[in-house]
Structures are given as C-alpha cells and as structure tokens.
Amino acid sequence: MGEELPELPEGSWWDWEVLLWTPAELRLAAGYDLSYHHGLELVFGDPLYVRCPAMFQDPVFRAPTPEERRLVERQTGERPAVLVAFDADGGGPEPVQGLIAAESMEVRAGFVRRGGVGRQLFHGSSTERS
C-alpha cells in the first residue's frame with residue numbers, strides 16, 4: 001500500500017478546505033486566508049476512502065497507523081496506491097484525524113483567485129504521484 005507524506009512547497013498552508021469532491025477527484029485547497037484566493041491544492045484522483053472535515057487548520061501529515069491501513073482495506077476491498085493520514089485542528093476540543101485513500105495524488109502550487117462564477121484557472125506548478 002502506498003503511504004504518502006505530501007511534499008508541500010514552502011508557504012503558509014494553515015487554512016484548508018475541501019474545494020471539490022466528485023467520484024473522480026477530491027481537491028483540497030490551502031492557504032493563509034481562503035477568503036479570496038489559495039496557493040496550494042492537493043488533488044486526489046479516484047478517491048476510494050475519505051475521512052476529512054470540510055474545513056480544518058494546521059494539518060500534520062503522518063504515516064497511517066496499522067489500524068488505519070486495515071480499515072481502508074476492509075472498507076474498500078483493496079490496497080490503494082496512495083494513503084494519506086493527518087491530524088488537524090477541526091475547530092473542536094480534540095484534533096481530527098484525516099485519512100484519504102486514492103489512486104493518485106498531485107500537489108499543485110500557484111495562485112488561484114476565488115469567487116465569481118465557476119472556478120478560475122490554476123496557475124503554478126504541480127507534481128503527481130501514483
């Protein structure tokens with residue numbers, strides 16, 4: 001099973017939110033203030049299992065525990081190519097534990113303006129893993 005610790009570029013990535021979630025893609029946006037723009041996206045292709053709050057702060061990415069690996073295998077019936085785990089501030093008294101299994105993961109860095117109708121084009125660089 002591919003465990004991944006995303007290699008994030010330098011930056012202020014403390015605010016995070018789910019930007020898009022379809023059967024084909026889960027896209028997380030990050031920045032220091034998500035009101036008008038964001039500067040980082042984690043794009044998961046073909047997500048198989050997702051445990052992630054809609055909004056969170058200050059995630060600490062870590063290796064998945066053996067229990068988390070078994071949970072994903074039990075729930076999906078397969079070993080995913082990518083398995084990402086993190087602990088973050090979800091706004092409650094305890095940290096939330098995120099777990100995302102997918103066929104691929106891409107880190108995209110660049111300025112993306114928010115608001116208006118539809119999604120703005122992404123400008124920046126990306127790295128993809130599967």
Side-chain angles (χ1 to χ4, degrees):
M1 182 179 308
E3 292 140 20
E4 297 287 337
L5 296 175
E7 293 180 28
L8 304 181
E10 289 295 318
S12 301
W13 316 124
W14 53 75
D15 287 342
W16 291 72
E17 74 176 358
V18 174
L19 187 63
L20 175 72
W21 189 355
T22 69
E25 179 178 282
L26 171 67
R27 186 180 303 236
L28 303 180
Y32 62 88
D33 179 0
L34 299 179
S35 301
Y36 302 105
H37 60 83
H38 63 270
L40 180 73
E41 294 182 354
L42 290 185
V43 182
F44 295 91
D46 297 318
L48 304 168
Y49 180 90
V50 177
R51 182 177 70 204
C52 180
M55 299 182 84
F56 55 97
Q57 294 180 316
D58 299 320
V60 175
F61 293 95
R62 59 176 173 74
T65 66
E67 294 80 21
E68 289 171 329
R69 285 189 211 106
R70 285 192 293 273
L71 170 69
V72 168
E73 286 184 31
R74 243 187 354 261
Q75 295 291 319
T76 65
E78 62 184 274
R79 291 181 170 202
V82 174
L83 182 59
V84 173
F86 63 90
D87 299 313
D89 179 353
E94 298 286 325
V96 295
Q97 293 181 332
L99 187 62
I100 301 169
E103 289 300 315
S104 65
M105 177 182 66
E106 182 179 359
V107 178
R108 294 181 180 175
F111 185 83
V112 180
R113 196 174 306 277
R114 306 189 54 150
V117 178
R119 178 153 159 65
Q120 301 295 320
L121 293 176
F122 191 87
H123 301 285
S125 63
S126 71
T127 59
E128 185 170 356
R129 295 184 200 162
S130 57

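Quick caveat: nothing in here was measured; it's all calculated off a predicted structure. By convention here, the first residue in the shown sequence is residue 1.
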*asked:* Is there a side-chain contact between Val43 and Glu25 in this structure, where contact means two heavy atoms from C-beta onward sitting under 4.5 Å apart?
replied: yes
For Tyr32, the other hydrophobic cluster members (4.5 Å side-chain criterion, sorted by chain and number) are Trp14
- Query: So Leu20 and Leu26, side chain to side chain contact (heavy atoms under 4.5 Å, CB included) or not? Walk me through it.
  - Reply: CA-CA 6 Å; Leu20 175 72; Leu26 171 67; over 6 Å; no
- Query: Should Leu28 and Glu41 be marked as a side chain to side chain contact (heavy atoms under 4.5 Å, CB included) after you check the CA-CA gap, both sets of side-chain angles, and the distance that decides it?
  - Reply: CA-CA 5 Å; Leu28 303 180; Glu41 294 182 354; over 6 Å; no
Residue pairs meeting side-chain hydrogen bond (donor to acceptor under 3.5 Å, both in side chains), one or both in residues 48-60, sequence neighbours left out, come to Asp15-Gln57, Arg51-Glu68
Connected to Met55, directly or through other members, by ILVMFWY side-chain contacts below 4.5 Å are none
CG (Leu99) and CD (Glu67) are apart, to the nearest 0.5 Å, by 11.5 Å
Heavy-atom nearest pair, Leu48 first then Pro80, reads CD1-CB, 3.6 Å
Evaluate the criterion side chain to side chain contact (heavy atoms under 4.5 Å, CB included) for residue pair Val50 and Phe44; output intermediate values, then yes/no. CA-CA 10 Å; Val50 177; Phe44 295 91; over 6 Å; no
Of all heavy-atom pairs linking Gly31 and Leu34, the shortest is N-CD2, 3.6 Å
On a heavy-atom basis, the closest approach of Pro59 and Trp13 is CD-O, 4.2 Å
Heavy-atom closest pair (Val84 atom, Val82 atom, distance to 0.1 Å) is CG2-CG1, 3.8 Å
Residue pairs passing the ring pair (Phe, Tyr, Trp, His ring centres under 6.0 Å) test with at least one member in residues 70-100, sequence neighbours excluded, are Phe56-Phe86, Phe61-Phe86
Here the pair of heavy atoms bringing Pro64 nearest to Leu83 is CG-CD2, 3.6 Å
_Electrostatic pair Glu73-Arg70, nearest N-O below 4.0 angstrom_ = no
For this session: Taking the side chain as every heavy atom from C-beta outward, state whether Thr65 and Arg69 have any pair of such atoms under 4.5 Å apart.
Result: no
Does Val18 form a side chain to side chain contact (heavy atoms under 4.5 Å, CB included) with Cys52? I'd like the steps, not just the answer.
CA-CA 8 Å; Val18 174; Cys52 180; 4.2 Å; yes
Between Pro47 and Trp21, the two heavy atoms sitting closest are CG-NE1, 4.4 Å
Contacts of Gln97 meeting side chain to side chain donor-acceptor pair (under 3.5 Å) (sequence neighbours excluded), chain-then-number -> none
Residues 84-93 vs salt bridge (Lys or Arg N to Asp or Glu O under 4.0 Å), sequence neighbours excluded, gives Arg62-Asp87
query = Is the shortest heavy-atom distance from the side chain of Arg27 to the side chain of Leu42 under 4.5 Å?
reply = no
